[in-house]
Amino acid sequence: MSESRSALATIADAARLLAPCRRLLVLSGAGLSADAGVPTFRCEGGLWNEYDVEKLASPEGFAKNPELVWEWYRERRLRVAEAKPHSGQRALALLQEHFPGGTVLMATTNEDDLLERSGISQVIHLHGSLFDTACSGHCGWRSRDGDDNSLSMVPCPRCGAPTRPGSVWYGEPLPAGILQAITHFDPDGCLLVGSSCIVQPVACIPSEMAMAKLAVVEVNREETPFSPIASCSLRGTAKELLPGLVDLLTSRTVREQLHRGT
Ligand SMILES: [Zn+2]
């Protein structure tokens, strides 16, 4: 009982910090999708346990064994297609639509399409999309693949090089202009969900905001390297915590009360 009272108090604290924001950045990572049953990149289950994902998801890994990498991606595409958005992701869609007097920008390191399927528009995919197929050469061709992964089976239609998954791999730069899109939004608050924030350059976004004394609220089931500098950390899953937090933030009356400190 006391545990549930303290969890509610913490959600109110988080809402109080975010209530004055006008341009809220929601930055999400693997923990958000894990709640929907999508295996996290850093701890894949089942058949892929024996492989080092950092080697598979790299230009070198693809050059060494393209079929193995494609097999892994096709299986991930299938598992994501079978997953459904959960209450935490649907709550974020409500937040984007009903945040009174402000705008919400969604950015994620997740490559799945669960945020879009929750009803969120204009998701910035910092690490690309799981469903994109791209040229492994240098011609710049990329396209959304179909349910049958047909584009993964044929050479690049522009230059004839083999196709590869369109994700951003370890050691590769982010798509051009993607971090600038967040800078241009100029967020005055950040909700960091299910992200351990250990991969640069994405990790610098909430860190710089925290150093500038802007509100950064972390939602994570465990402590992360970012926790010590977060304005407030909520311990638990996005599925458990986001519906309550969004409920407070989307009520104009509650937001005004929180803002006044009553
Ligand atoms: Zn090409």
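Note: hydrogens, waters and symmetry copies are ignored here, and every other heavy atom, side chains too, is used. Counting starts at 1 for both ligands and their atoms, following the listed order. It should be emphasised that the depicted structure is a prediction, and the values quoted were computed from it without experimental measurement.
Distance alone, capped at 3.5 Å, places no donor-acceptor pair between the D132 side chain and the S167 backbone.
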In sequence, state the C-alpha distance, the side-chain angles, and the governing distance for T224 and L192, and then conclude on side-chain contact (heavy atoms from CB on, under 4.5 Å). CA-CA 11 Å; T224 73; L192 184 63; 5.9 Å; no
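Summarising the local packing, CG of D147 is surrounded by 12 or fewer heavy atoms from other residues, nucleotides or ligands at distances under 6.0 Å.
Excluding water, every protein N/O/S atom under 2.8 Å from the Zn ion (ligand 1) is given here by residue and atom: C135 SG, C139 SG, C156 SG, C159 SG.
Judged as a salt bridge (Lys or Arg N to Asp or Glu O under 4.0 Å), and not counting sequence neighbours, R90 has no contacts. In this view, S28 and T108 satisfy the side chain to side chain donor-acceptor pair (under 3.5 Å) rule, not counting sequence neighbours.
The hydrophobic cluster of L78 has no other members, since no ILVMFWY side-chain heavy atom comes under 4.5 Å of it.
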